[in-house]
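What you see below is based on every heavy atom in this structure, not just the backbone, and it leaves out hydrogens, waters and symmetry mates.
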Amino acid sequence: MRLQSAIFDMDGTLLDSMPMWRSLSSTLVRSHGLIPPPDLDRQISSMDLWDGTAYCKQVCGLPGTVDELVAEIWSQIQDFYQNRARPKPGLLKFLSVLKMQGVWMYVATATDRPLVEAGLRCAGIDSYFRGIITTREAGQRKADGPEVYERALRRLRSNKKDTVVFEDALHALRTAKEAGFRTAAVYDPTEPDQEELRRLADYYITSFEEMTE
């Protein structure tokens, strides 16, 4: 894999954080001493935070207002990024190799900046990146277009043929690919369509450990 610059997604790509996001509702319910329905997290996976929390409150009989419950969830999220965020296996060594090779790196993520900064710092990888751009700052979701990658590319002062976008989610990788970027799919068990990721990506990474063997 020859590259001059690299753009990394964060959750599920750099950090082993997707299980936290996917289990927020059941974690909230258990924190109140209740047992969540077996399919609760799947049921709310397509809802935003407020709608999903309201659904949990209704189905599970949670106490308090929806706003109070959302605040509890945000507290869980902040605690994760500040204290428990960890890099994917083999990532630290891979980033070190790229840095030694003079590769410039950027983070392009849908997660809000304060959480990104806390998570990268907690995982011990913040010093590897030239900067961060979020989809909120770019004004466009990854599913809707490549603006977050385009802005990262301009800040890296690179070009698409020498840049690889690392993503774990199919919709995001497809957006980068269609915009002309080289792409690397990073395996994460929360993405169900691994075969399509493998077919679409220029590179497929089961684990970062294999990149430095």
Side-chain angles (χ1 to χ4, degrees), residues 1 3-21 77-78 80-160 162-177 179-188 190-191 197 201-203 205 207-208 211-212:
M1 183 188 295
L3 66 162
Q4 174 181 304
S5 56
I7 299 171
F8 288 87
D9 170 57
M10 186 179 73
D11 293 296
T13 301
L14 294 173
L15 302 184
D16 190 14
S17 52
M18 291 309 295
M20 181 275 296
W21 282 105
I77 293 170
Q78 290 170 336
F80 176 85
Y81 284 109
Q82 292 170 0
N83 302 304
R84 295 183 286 120
R86 297 294 180 267
K88 299 286 281 284
L91 176 68
L92 281 170
K93 188 174 182 179
F94 180 58
L95 294 179
S96 296
V97 169
L98 293 183
K99 187 173 183 178
M100 286 189 295
Q101 293 175 344
V103 176
W104 286 17
M105 294 174 275
Y106 225 83
V107 176
T109 175
T111 303
D112 287 342
R113 178 174 287 272
L115 298 177
V116 178
E117 292 173 344
L120 296 179
R121 187 167 53 249
C122 180
I125 58 175
D126 54 313
S127 63
Y128 290 100
F129 301 100
R130 294 255 166 180
I132 298 162
I133 179 74
T134 72
T135 53
R136 184 188 297 272
E137 294 163 353
Q140 186 181 56
R141 300 183 309 165
K142 290 180 179 179
D144 297 330
E147 184 62 23
V148 70
Y149 306 121
E150 299 284 2
R151 292 197 187 191
L153 184 71
R154 290 195 293 271
R155 295 179 184 184
L156 288 167
R157 302 176 186 176
S158 188
N159 59 74
K160 291 179 181 179
D162 294 322
T163 303
V164 175
V165 173
F166 292 78
E167 278 283 358
D168 68 298
L170 177 59
H171 73 274
L173 186 133
R174 180 181 287 118
T175 294
K177 183 74 173 179
F181 288 90
R182 293 162 61 198
T183 56
V186 180
Y187 171 76
D188 191 86
T190 60
E191 170 55 64
L197 265 178
D202 296 291
Y203 312 98
I205 301 171
S207 168
F208 286 111
M211 303 301 291
T212 54

Query raised in the report: Short question: side chain of Thr175, backbone of Lys142 - any donor-acceptor pair under 3.5 Å?
Result: yes

Query raised in the report: Do other residues, nucleotides or ligands put more than 12 heavy atoms under 6.0 Å from the CZ atom of Arg157?
Result: no

Query raised in the report: Going by heavy atoms in the side chains, are Tyr203 and Met211 under 4.5 Å from each other?
Result: no

Report task. Calculate, to the nearest 0.5 Å, the distance between atoms CG and CG belonging to Leu15 and Leu91 respectively. Result -> 8.0 Å

Query raised in the report: Atom CE of Met100 and atom CG of Leu95: how far apart are they, to the nearest 0.5 Å?
Result: 11.0 Å

Report task. Taking all non-hydrogen atoms of both residues into account, name the closest pair between Ser158 and Ser5 and its distance. Result -> OG-OG, 2.9 Å

Query raised in the report: Looking at CZ of Phe94 and NZ of Lys88, how far apart are the two atoms once the value is rounded to the nearest 0.5 Å?
Result: 12.5 Å

Query raised in the report: Side chains of Ile133 and Tyr149: does their closest heavy-atom pair fall under 4.5 Å?
Result: no

Report task. Could you walk me through whether Thr163 and Gln4 pass the side-chain contact (heavy atoms from CB on, under 4.5 Å) test, one step at a time? Result -> CA-CA 6 Å; Thr163 303; Gln4 174 181 304; 5.9 Å; no

Query - Side-chain donor or acceptor of Lys160 paired with backbone N/O of Leu153 under 3.5 Å - result: no

Requested in this report: Report yes if some heavy atom in the side chain of Met10 is under 4.5 Å from a heavy atom in the side chain of Tyr81; otherwise report no.
Outcome: yes

Report task. Step through the shown structure and confirm whether more than 12 heavy atoms of other residues, nucleotides or ligands are within 6.0 Å of NZ on Lys93. Result -> no

Query raised in the report: Which atom pair, heavy atoms only, marks the closest approach of Val186 to Gly12?
Result: CG1-O, 4.4 Å

Report summary line: Tightest non-hydrogen contact, residues Glu147 and Ala138, listed as CG-O, 3.5 Å

Report task. Could you check if a side-chain atom of Leu173 sits within less than 4.5 angstrom of a side-chain atom of Val165, using non-hydrogen atoms only? Result -> no

Query raised in the report: Are the side chain of Arg113 and the backbone N or O of Ile132 linked by a donor-acceptor pair below 3.5 Å?
Result: yes

Requested in this report: Would you mind reporting whether Arg86 and Ser17 have side-chain heavy atoms less than 4.5 Å apart?
Outcome: no

Report task. Without swapping roles, check the side chain of Arg151 against the backbone of Glu137 for a donor-acceptor pair under 3.5 Å. Result -> yes

Query raised in the report: Once you round to the nearest 0.5 Å, how far does CG of Asp11 lie from CG of Asp16?
Result: 10.0 Å

Query raised in the report: For Tyr128, is the NZ or CZ atom of Lys99 found under 6.0 angstrom from the centre of its six-membered ring and inside 45 degrees of the ring axis?
Result: yes

Query raised in the report: Closest heavy-atom contact between Leu120 and Val107?
Result: CD1-CG2, 4.0 Å

Query raised in the report: Considering only heavy atoms from C-beta outward, does the side chain of Leu98 approach that of Leu3 to under 4.5 Å?
Result: yes

Query - Test applied, side chain to side chain contact (heavy atoms under 4.5 Å, CB included); reference residue, Phe166; option that passes from Asp9, Ile7, Thr183, Thr13 - result: Thr13

Query raised in the report: Ala185 and Leu197: which non-hydrogen atoms are nearest, and at how many Å?
Result: CB-CD2, 4.0 Å

Query raised in the report: Just wondering, do Glu150 and Phe181 contact through their side chains at under 4.5 Å, heavy atoms?
Result: yes

Query raised in the report: Which pair of non-hydrogen atoms, one from Leu14 and one from Phe129, has the smallest distance, and what is that distance?
Result: CD1-CZ, 3.6 Å

Query raised in the report: More than 12 foreign heavy atoms under 6.0 Å from CZ of Arg136: is that the case here?
Result: no

Query raised in the report: Any donor-acceptor pair under 3.5 Å linking the side chain of Asp188 with the backbone of Glu191?
Result: no

**Report entry** Between OG1 on residue Thr134 and CD on residue Glu117, distance to nearest 0.5 Å
**Finding:** 10.0 Å

